[in-house]
2 protein chains.
Amino acid sequence: MVTLAEVARHAGVSASTVSYVLSGKRPISDPTRRRVRASIDQLGYQPHAGARALASSRSRIIALMVPLRTDMYVPVMLEIAVAVATTARTHGYDVLLLTGEEGPSALRRVTGSGLAEAVILMDVQLDDGRLPLLRGAAPPAVLVGLPADPAGLNCVDLDFAAAGALCVDHLAGLGHREIAVVGGSPGVYARHTGFAERTLGGLRERAGRRGVGLLHRPCDGSHDAVAGVLARILDERPAVSAFVVQNETAVEPLLALLRRTGRAVPEDVSVVAVCPEAVAERASVPLTSVAIPAQELGRRAVERLFARLTGADGPDAAGVELLAPVLTVRASSGPPQGRALTG
Amino acid sequence: MVTLAEVARHAGVSASTVSYVLSGKRPISDPTRRRVRASIDQLGYQPHAGARALASSRSRIIALMVPLRTDMYVPVMLEIAVAVATTARTHGYDVLLLTGEEGPSALRRVTGSGLAEAVILMDVQLDDGRLPLLRGAAPPAVLVGLPADPAGLNCVDLDFAAAGALCVDHLAGLGHREIAVVGGSPGVYARHTGFAERTLGGLRERAGRRGVGLLHRPCDGSHDAVAGVLARILDERPAVSAFVVQNETAVEPLLALLRRTGRAVPEDVSVVAVCPEAVAERASVPLTSVAIPAQELGRRAVERLFARLTGADGPDAAGVELLAPVLTVRASSGPPQGRALTG
DNA sequence: GCACGTCGTCGAAGCGCTTCGATTTCCTGT
DNA sequence: ACAGGAAATCGAAGCGCTTCGACGACGTGC
């Protein structure tokens with residue numbers, strides 16, 4: 001292994017000079033810098049990460065905690081993770097992958113040992129067990145998701161409440177009066193996952209305001225579960241003319257079942273989804289949908305972290321950033337049967 | 001921050017004694033050990049990762065390189081990654097997340113700087129650009145996947161060739177004489193992704209041996225793409241009575257299309273998939289399938305890495321480990337129309 | 001032509017840990 | 001009762017890097 005000292009000897013300068021060339025923290029004359037750079041290249045020098053972390057007490061690593069459960073939005077999770085890693089690299093940082101398994105103690109471990117300088121948490125519950133560790137100053141953190149009480153926390157998420165409202169607005173605008181919501185799996189609600197409840201809140205609020213009927217049913221992604229839920233919905237509210245789906249695995253089963261029971265989309269029923277663009281575009285009927293901007297979420301989370309890490313710890317060190325939802329109209333939504341679009 | 005020295009002072013011993021208590025590399029008397037342990041707990045001591053890595057030249061970190069593309073088996077990728085992280089933790093290691101974006105140089109970086117002791121690579125291409133860096137001794141690595149020439153490399157993967165053969169055996173055993181293969185997206189083949197080509201090889205070899213007709217078509221996962229591919233297959237080979245699908249996103253579209261065109265599964269056509277169990281179980285018709293054992297792959301990869309890392313670098317330091325495929329019969333396969341099961 | 005500030009570089013002191021003798025203590029065998 | 005060992009602990013020397021104060025060699029202002 002090549003060390004700084006060897007580079008220094010090779011370039012005929014002191015070790016500290018090489019260090020300053022690398023860090024740019026003190027001015028170095030042009031000829032010297034050139035010489036050092038050449039030696040570095042020639043010897044293939046790579047600074048030792050541990051030594052660097054020890055001396056500078058900065059590891060240049062951030063930890064990313066992903067949920068271990070795989071019952072929800074898996075592709076979204078991976079996309080966020082990849083975006084986090086990519087964005088971190090542009091700042092010269094690497095990403096340590098933590099699973100939820102170890103629980104809150106994992107945070108203490110990587111943070112207390114100086115392994116990671118900061119943390120990004122995904123899949124935050126409304127009342128997450130990891131939150132107490134994060135309030136206040138101790139370790140810099142950004143949550144992807146929104147807990148019940150975000151005071152003193154740094155959060156980024158899609159504005160799911162607004163997303164829900166947007167769906168209702170779109171459908172009500174088309175003339176629908178009865179909407180059914182096919183939600184995430186029951187476990188998602190049992191865990192009080194923020195995004196699910198917030199979407200529901202937004203849907204309800206806006207439906208109430210516009211005088212539209214709303215029926216919500218959690219739903220597993222399996223074909224059978226969707227069939228059961230659909231049957232019950234149509235039984236309870238025969239007047240339902242539109243569905244909002246917030247469960248990507250339920251999308252195709254739902255469309256298939258509607259087709260099979262002779263309901264054309266969008267002529268007989270409209271379907272609006274909250275899901276990644278890729279899912280909406282490739283569905284058997286291209287879906288009118290509110291996109292889940294996975295990449296953007298990952299990127300924003302990292303940017304906020306670095307703002308906090310490098311910035312002057314300004315007044316906006318903490319705070320919530322909700323991305324505005326965007327609804328894209330595709331083929332799956334239209335005015336309800338027998339009615340013209342009323343505008 | 002609490003240091004080793006403070007713990008030592010608090011316990012009334014020398015720093016080295018504390019270190020030996022922690023590492024167990026030298027015998028420490030029971031009373032002393034107890035005292036040290038108590039001090040550690042009381043002070044909330046956590047060893048500094050960088051210092052430890054510097055002094056011992058072991059970072060206790062392995063790097064995991066995941067593909068950045070999201071066109072293939074995304075949930076499988078995440079599941080492998082999580083299994084890798086979890087298994088690594090049981091050995092006291094953490095996992096650094098690398099994306100394919102940086103390319104081979106990322107390997108050099110994390111490895112050359114001592115950041116990671118070893119590497120696990122996912123989504124290996126038949127002729128992967130990262131392979132040259134890995135041949136021979138330099139840095140310990142395990143591939144999840146199988147390149148064209150695995151000489152000198154350490155690989156773990158499902159035996160996709162055997163999986164293909166197994167599918168043919170199952171269908172031929174039921175009496176099918178014409179099989180169509182709905183493959184991964186064209187990009188997968190263009191990139192010469194190992195598993196896709198190996199499955200195809202296994203399918204072809206066994207089909208040839210058993211005198212069964214085989215037609216292969218790459219296929220995107222979108223509904224329209226599946227529709228196109230299906231139409232062409234039925235056009236070219238009207239006698240096709242069974243499908244093998246190796247593309248989880250194509251599964252539901254295919255089933256929906258078969259239904260829509262009045263072909264019952266499994267009465268009129270059989271469908272066998274190579275996909276994760278979860279997908280097979282939850283499909284609109286539960287699928288006879290060869291499982292992709294994501295967790296197992298992740299776990300085995302890590303175990304092999306540690307065998308190599310800690311082991312005596314025995315003769316089997318390198319080598320290929322192919323997991324035997326398991327075919328589970330579910331509802332989607334049966335004898336072809338108008339024929340009894342011949343055994 | 002002399003005090004003074006700059007610029008570029010060097011030396012040395014750590015950062016917190018591991019590890020390798022060396023040292024002390026206490027047992028064992030005879 | 002005494003040499004010889006084993007067992008338990010200590011001290012010190014790094015691991016490779018960053019960083020701070022210091023220092024020589026300049027140019028500048030009067």
Side-chain angles (χ1 to χ4, degrees), chain A residues 1-37 39-40 43-61 92 94 109-117, chain B residues 1-40 43-61 92 94 109-117 310:
Chain A
M1 188 196 183
V2 187
T3 70
L4 220 199
E6 302 180 52
V7 173
R9 204 174 318 131
H10 186 271
V13 299
S14 77
S16 49
T17 300
V18 177
S19 179
Y20 286 124
V21 167
L22 252 30
S23 70
K25 292 193 177 173
R26 282 202 185 171
I28 298 290
S29 72
D30 223 62
T32 305
R33 187 174 341 160
R34 234 185 285 287
R35 214 144 28 89
V36 170
R37 287 256 159 76
S39 298
I40 288 177
L43 303 180
Y45 168 69
Q46 297 218 238
H48 187 282
R52 189 174 263 213
L54 175 57
S56 67
S57 31
R58 295 188 40 204
S59 65
R60 301 179 159 276
I61 289 181
D94 271 297
R109 185 172 61 79
V110 301
T111 257
S113 66
L115 219 196
E117 295 175 34
Chain B
M1 189 196 181
V2 188
T3 70
L4 218 197
E6 301 180 53
V7 173
R9 203 175 317 131
H10 186 272
V13 298
S14 76
S16 50
T17 301
V18 177
S19 178
Y20 286 124
V21 167
L22 253 31
S23 69
K25 292 195 178 173
R26 283 200 185 173
I28 298 289
S29 73
D30 223 60
T32 305
R33 190 176 341 172
R34 234 185 286 286
R35 216 145 26 90
V36 170
R37 287 258 158 76
S39 298
I40 288 177
L43 302 181
Y45 168 69
Q46 298 217 237
H48 187 283
R52 190 173 261 214
L54 176 57
S56 66
S57 33
R58 296 189 36 207
S59 64
R60 299 177 160 279
I61 290 181
D94 272 297
R109 186 173 59 79
V110 300
T111 256
S113 67
L115 219 195
E117 296 176 32
T310 68

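FYI, side chains are in, hydrogens and waters are out, and symmetry mates aren't considered; it's all heavy atoms of this structure. Sequence lines set the chain letters: A, B, ... in the order given, protein chains first and strands last, and positions in each chain run from 1.
The bend of the helix from C/dG1-D/dC30 to C/dT30-D/dA1, defined by the angle between the axes of its first five and last five pairs, stands at 30° to the nearest 10°.
Side-chain contact between A/Y45 and A/L22 is present, with at least one heavy-atom pair separated by less than 4.5 Å.
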Short heteroatom pairs, N/O only, protein and nucleotides 22-26 of chain D, under 3.5 Å:
none

Report, one pair per line, the protein and nucleotides 4-7 of chain C atoms (nitrogen or oxygen only) whose separation is under 3.5 Å.
none

Between the protein and nucleotides 15-18 of chain D, list every N/O to N/O distance that falls short of 3.5 Å.
unit_1: D/dC15; atom_1: O2; unit_2: B/A55; atom_2: N; d: 3.4
unit_1: D/dC17; atom_1: OP1; unit_2: A/Y45; atom_2: OH; d: 2.3
unit_1: D/dC17; atom_1: OP1; unit_2: A/H48; atom_2: N; d: 3.3
unit_1: D/dC17; atom_1: OP2; unit_2: A/L4; atom_2: N; d: 2.2
unit_1: D/dT18; atom_1: OP1; unit_2: A/R52; atom_2: NE; d: 3.3
unit_1: D/dT18; atom_1: OP2; unit_2: A/S19; atom_2: OG; d: 2.9

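Separating the CD atom in A/E6 from the CG atom in A/L43 is a distance of 7.0 Å, to the nearest 0.5 Å. One distance of note links CD1 of A/I40 with CG of A/L4; it measures 7.5 Å at 0.5 Å rounding.
Every pair passing side chain to side chain donor-acceptor pair (under 3.5 Å) that includes a residue from residues 49-61 of chain A is listed here, sequence neighbours excluded: A/R58-A/Y93.
The main-chain N or O of A/I28 is found under 3.5 Å from a side-chain atom of A/R33 such that the two form a donor-acceptor pair. Between the side chain of A/R35 and the backbone N or O of A/A11 there is at least one donor-acceptor pair closer than 3.5 Å.
B/V36 and B/V13 get closest at one heavy-atom pair: CG2-CG2, 4.0 Å. Among all heavy-atom pairs drawn from B/D94 and A/R109, the shortest one is OD2-NH1, 2.6 Å. Closest heavy-atom contact between A/G112 and B/M1: O-CE, 4.0 Å. The two atoms that bring A/S113 and B/P47 nearest to each other are CB-O, 3.3 Å, heavy atoms only. Nearest heavy-atom pair across A/A53 and B/G50 is CB-CA, 4.3 Å. The minimum heavy-atom distance linking A/V21 with A/R37 is given by the pair O-NH2, 3.8 Å.
A heavy-atom distance below 4.0 Å to DNA chain D is reached by none of the residues of residues 29-36 of chain A.
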Applying side-chain contact (heavy atoms from CB on, under 4.5 Å), run through A/L115 and B/I61 and close with a yes or a no.
-> CA-CA 10 Å; A/L115 219 196; B/I61 290 181; 3.7 Å; yes
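For the OP1/OP2 pair of D/dT9 and a distance below 4.0 Å, the side-chain nitrogens and oxygens of B/T17 include no atom meeting the criterion.
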